[in-house]
Amino acid sequence: MSTIFSKIIAKEIPADIVYEDELALAFRDIAPQAPVHILIIPKKEIPTANDVADGDEATLGRLFTVAAKIARDEGIAENGYRLIVNCNEHGGQEVFHLHMHLLGGRRLGPMLARKLASEDG
Ligand code: 5GP
C-alpha cells in the first residue's frame, strides 16, 4: 500500500528534497531529531526491511552511497553520524516505505535508550 513517501516521490506533496536520482530520493525529516535529519528512500515501494529481495541490492546500496554524499555535503562526515532503518512495531517504524534515517550534527548518545523495567518481554 502506498504511503505519504510515494506522494513525496511523485511531488504531490512538498518536501525539502536534498538529493534525487533514478533510484533514490532524500529529503529533510519533518520532525528532526538532530541538527541534520534526512530520510533517504528508494523510489521503489519496499514496505519494510523484511521485504527486500535479491533484485533490490543495487537500490539499497545506493541508499548508502547517497548517505555518504549527503553527509559530506552537510559537513558532518568527519565528525560522524548515524544511519538507522526501523522495521515494524518493535523497531518503531511509522511509515511503511523503507527509509534510512541520516542523523548528525551533534553527539547522538548511546545507540539505544536504556530499557525500562516496564518493557520487559
Ligand atoms: P520511522 O519511524 O518510520 O522510521 O520514521 C518515519 C519518519 O518520517 C519520522 O521521523 C517522521 O518525522 C517522518 N515523516 C513522516 N511524515 C513525513 C512527511 O510528510 N514529510 C517528511 N519530510 N517527513 C515525514
Side-chain angles (χ1 to χ4, degrees):
M1 201 182 75
S2 288
T3 70
I4 194 147
F5 288 178
S6 295
K7 293 192 171 66
I8 290 174
I9 292 167
K11 313 280 167 59
E12 291 168 8
I13 65 166
D16 186 355
I17 292 171
V18 297
Y19 178 87
E20 179 168 17
D21 64 26
E22 79 283 10
L23 293 178
L25 184 73
F27 50 93
R28 294 187 195 279
D29 197 290
I30 203 165
Q33 295 183 43
V36 175
H37 187 173
I38 291 168
L39 302 173
I40 306 162
I41 72 173
K43 287 189 169 174
K44 179 182 176 187
E45 284 184 25
I46 302 171
T48 80
N50 289 330
D51 302 302
V52 302
D54 291 349
D56 296 325
E57 287 172 356
T59 299
L60 298 174
R62 183 66 61 85
L63 303 188
F64 275 91
T65 54
V66 170
K69 174 187 164 25
I70 294 172
R72 285 192 297 275
D73 291 349
E74 295 285 323
I76 62 171
E78 192 171 334
N79 281 340
Y81 51 91
R82 188 169 291 161
L83 301 174
I84 298 175
V85 177
N86 294 320
C87 181
N88 278 345
E89 185 183 349
H90 282 192
Q93 186 176 3
E94 292 174 354
V95 178
F96 288 84
H97 182 126
L98 188 138
H99 50 280
M100 177 185 278
H101 296 256
L102 166 60
L103 294 146
R106 65 167 169 81
R107 288 180 194 275
L108 296 169
M111 187 169 67
L112 293 174
R114 208 177 283 268
K115 189 166 175 251
L116 302 173
S118 60
E119 292 173 335
D120 279 344

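Predicted model, so just to flag it, every value in this text is computed and none were measured. As the structure lists them, so they are numbered: ligands from 1, and atoms in each ligand from 1.
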### Message
Please list the nearest protein heavy atom to atom 3 (O) of ligand 1 with its residue and the distance rounded to 0.1 Å.
### Response
Glu94 N, 2.6 Å

#### Entry: Pair Thr59, Asp56: side-chain N/O donor-acceptor within cut-off below 3.5 Å
no

### Query
Counting only N and O atoms by type, is there a donor-acceptor contact under 3.5 Å from the side chain of Gln93 to the main-chain atoms of Val95?
yes

### Message
Test your reading of the structure: does Gln93 have an N or O sitting under 3.5 Å from an N or O of ligand 1?
### Response
no

### Query
Nearest heavy atom to atom 21 (C) of ligand 1: which of Leu103, Leu39, Val95, Ile30 does it belong to?
Ile30

### Task
Heavy-atom contacts with Phe5 under 4.0 Å: which atoms of ligand 1 show up? List them by number with element.
8 (O)

### Task
Taking only heavy atoms of Ile4 into account, list the atoms of ligand 1 that are under 4.0 Å away from them.
19 (O)

### Query
If you count the non-hydrogen atoms of other residues, nucleotides and ligands that lie under 6.0 Å from NZ in Lys43, is the total more than 12?
yes

### Task
Could you find the nearest protein heavy atom to atom 22 (N) of ligand 1 and give me its residue, atom name and distance?
Arg28 O, 2.9 Å

Side-chain polar contacts of residues 98-111 - donor-acceptor pairs under 3.5 angstrom, sequence neighbours left out - could you list them?
| residue | atom | partner | partner atom | Å |
| --- | --- | --- | --- | --- |
| His99 | ND1 | His97 | O | 2.7 |
| His101 | ND1 | His37 | NE2 | 2.8 |
| Arg106 | NH2 | Gln33 | O | 2.8 |

Table please: side-chain donor-acceptor pairs of residues 5-17 below 3.5 Å, with sequence neighbours left out.
| residue | atom | partner | partner atom | Å |
| --- | --- | --- | --- | --- |
| Ser6 | OG | Glu45 | OE2 | 3.0 |
| Lys11 | NZ | Glu20 | OE1 | 3.0 |
| Asp16 | OD2 | Arg28 | NE | 3.4 |

### Message
Taking CD in Glu89 as the centre, count heavy atoms belonging to other residues, nucleotides or ligands within less than 6.0 Å. Is the count above 12?
### Response
no

### Message
For atom 6 (C) of ligand 1, what is the closest protein heavy atom, and at what distance to 0.1 Å?
### Response
His99 NE2, 3.5 Å

## Note on the structure
Taking only non-hydrogen atoms of His101 and a 4.0 Å limit, the atoms of ligand 1 in range are 1 (P), 4 (O), 5 (O), 7 (C), 10 (O)

### Message
Quick check on contacts: which atoms of ligand 1 are under 4.0 angstrom from a heavy atom of Ala31?
### Response
12 (O)

## Note on the structure
For Gly92, the ligand 1 atoms with a heavy-atom partner under 4.0 Å come out as 2 (O)

### Message
Testing the basics here: between Asp21 and Ala24, what is the closest heavy-atom pair and its distance to 0.1 Å?
### Response
OD1-N, 2.7 Å

### Query
Would Ile46 and Val52 satisfy side-chain contact (heavy atoms from CB on, under 4.5 Å), going step by step from the backbone distance to the final call?
CA-CA 7 Å; Ile46 302 171; Val52 302; 4.1 Å; yes

### Task
Return the option from Ile38, Ile41, Asp29 holding the heavy atom at the smallest distance from atom 11 (C) of ligand 1.
Asp29

